[in-house]
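Below: the structure, in structure tokens.
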Amino acid sequence: MPELPEVETIASGVHQRVHGQRIVRVWTSGKPQTFKTPEDEIATALTGARILSVRRVGKTIVMTVARGKTSVELLIHLGMTGRLLVSAPEVPRAVHTHAVLTLDDGREIRFVDPRRFGRLSLQPQNEFYAGPGHEPLTISLDEFVALFHPRHTAIKAALLNQSLLHGIGNIYADESLFRAAIRPTRQAARLTRAELARLRTALVEVLRHAIELGGSSVSDYVDADGARGFFQLEHRVYQRTGQPCLVCGTPIQKITLAGRSTHFCPVCQK
DNA sequence: AGGTTGACCTGGACGC
DNA sequence: TGCGTCCAGGTCAACC
């Protein structure tokens, strides 16, 4: 579901609203697959703890809490449909609410996830390892080229591979390839350095712009306050199948690649 | 080993 | 209105 810009928007929004607060009560839904760490362990570790920070690493939200001398990190992955909301207690709980952290001042952090692809787990502080991938907003061009040059799969599939780059999902893969004028089916290893440079620039621009606009609201994505983002208005190919390309007017095509729907302009993207 | 495919879930859109 | 089918932003296990 949410990709880097959406997770970034949610994590920074939740951080601003709750850091420094103490968790006084923890409720969980009893849906075992949502919890990679047993629910009672999560409840025990968080109850009475103070929230130090909430941040994003890749597509994971990392909440660091401290109780006494020990700190732990609650890892929240939103999957496809997960939401993390900060709500007043009188606001009715949404269906498919799986965890509620009640704060000192009565507000609640709620994890809601209809499709249950999201996951909550606990780690001792600083043991969280996001995997071997790089953050796309800070990777250098040399690193970027070294990452993709050995890959013999389609560039779109490589962009979705979280062990290469963190945080790219279906929307931003399609949108960055369009802006870089590269066809998603091209083999990564056959892209020139100049093409990879265009792709890296396009990715950074798309991700930064999307973060500024609060992410893309396709179906049910909302931020910590329940507000929708606006980057979906900037989509040039994603979910525009059959509509005219905004550059050349050719109808946008949709194919299946790496098991995902993939949108591109057959004229602009070579 | 790298690459590819299907399974995991629920709900909304669409067609008949 | 009601039912069936298809599709969805992610990940991971199991295969080739």
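Here is the naming used below: chain letters follow the sequence lines, and residue numbers restart at 1 for every chain. All figures in this text were calculated on a predicted structure; none of them were measured in a lab.
Here the separation of B:dC9 from C:dA14, taken at their P atoms, is 15 Å to the nearest Å.
Summarising the geometry of A:V54 relative to A:H15, their closest heavy-atom pair is N-ND1, 3.1 Å, with the distance given to 0.1 Å.
Residue A:K59 places at least one side-chain N or O closer than 4.0 Å to OP1 or OP2 of C:dT11. The phosphate of B:dT10 (OP1 or OP2) has no side-chain N or O of A:H96 nearer than 4.0 angstrom. A:R116 has a side-chain polar atom (N or O) that falls below the 4.0 Å cut-off from OP1 or OP2 of B:dT10. At C:dA8, none of the side-chain N or O atoms of A:R115 fall inside 4.0 Å of OP1 or OP2 (strictly under the cut-off). Side-chain N/O atoms of A:K254 include one lying less than 4.0 angstrom from OP1 or OP2 on C:dA8.
Aromatic ring orientation, A:F144 versus A:F148: tilted (interplanar angle from 30° to 60°). In this pair, A:H235 and A:Y172 present their aromatic rings perpendicular. The plane angle is above 60°, beyond the 30 to 60° band.
Looking at the side chain of A:Q33, the nearest of the listed nucleotides B:dC9, B:dT4, B:dG11 is B:dC9. Minimum atom distance to the side chain of A:R260 is reached by C:dT11, of the listed C:dT11, B:dG3, B:dC9.
Between the CG atom of A:L78 and the C1' atom of B:dC9 there is a distance of 16 Å, rounded to whole Å. If you take CG of A:L159 and C1' of C:dT11, they are 17 Å apart, rounded to a whole angstrom. In this entry the distance linking NE2 of A:H166 with P of C:dT11 reads 10 Å, nearest Å. In this structure, A:H77 places its NE2 atom 9 Å from P of C:dG10, rounding to the nearest Å. Rounded to whole angstrom, the span from the CG atom of A:L75 across to the P atom of C:dT11 amounts to 14 Å. As a whole-Å value, the separation of A:D113 CG from B:dG11 P is 11 Å. Atom C1' of nucleotide C:dG10 and atom CG of A:L165 are separated by 16 Å, given to the nearest angstrom. Here C:dC12 presents its P atom at 9 Å from CD of A:Q162, a figure rounded to the nearest Å.
Residue-nucleotide stacking is not present for A:F117 and C:dT11, judged by a side-chain ring centre under 5.5 Å from the six-membered base ring centre and planes under 30° apart.
In this structure B:dC14 sits in a base pair with C:dG4, meeting the Watson-Crick or G-U test at under 3.5 Å. With a cut-off of 3.5 Å on both pairing distances, the Watson-Crick or G-U wobble partner of C:dC15 is B:dG3.
Contacts of A:R151 with the nucleic acid, taken as non-hydrogen atoms under 4.0 Å apart, involve only primed sugar atoms and P, OP1 or OP2. If you check every strand for non-hydrogen atoms under 4.0 Å, A:G169 touches sugar and phosphate atoms only. Across all strands, A:S261 comes closer than 4.0 Å only to sugar-phosphate atoms, never to a base (heavy-atom distances).
Using a 4.0 Å cut-off between charged nitrogen and carboxylate oxygen, A:R56 and A:E135 count as a salt-bridge pair.
Note: the hydrophobic cluster containing A:L191 also contains A:V204 (ILVMFWY, side chain heavy atoms under 4.5 Å, direct or indirect links).
Under the 3.5 Å distance criterion, with hydrogens and angles disregarded, no donor-acceptor pair is assigned to the side chains of A:H98 and A:D113.
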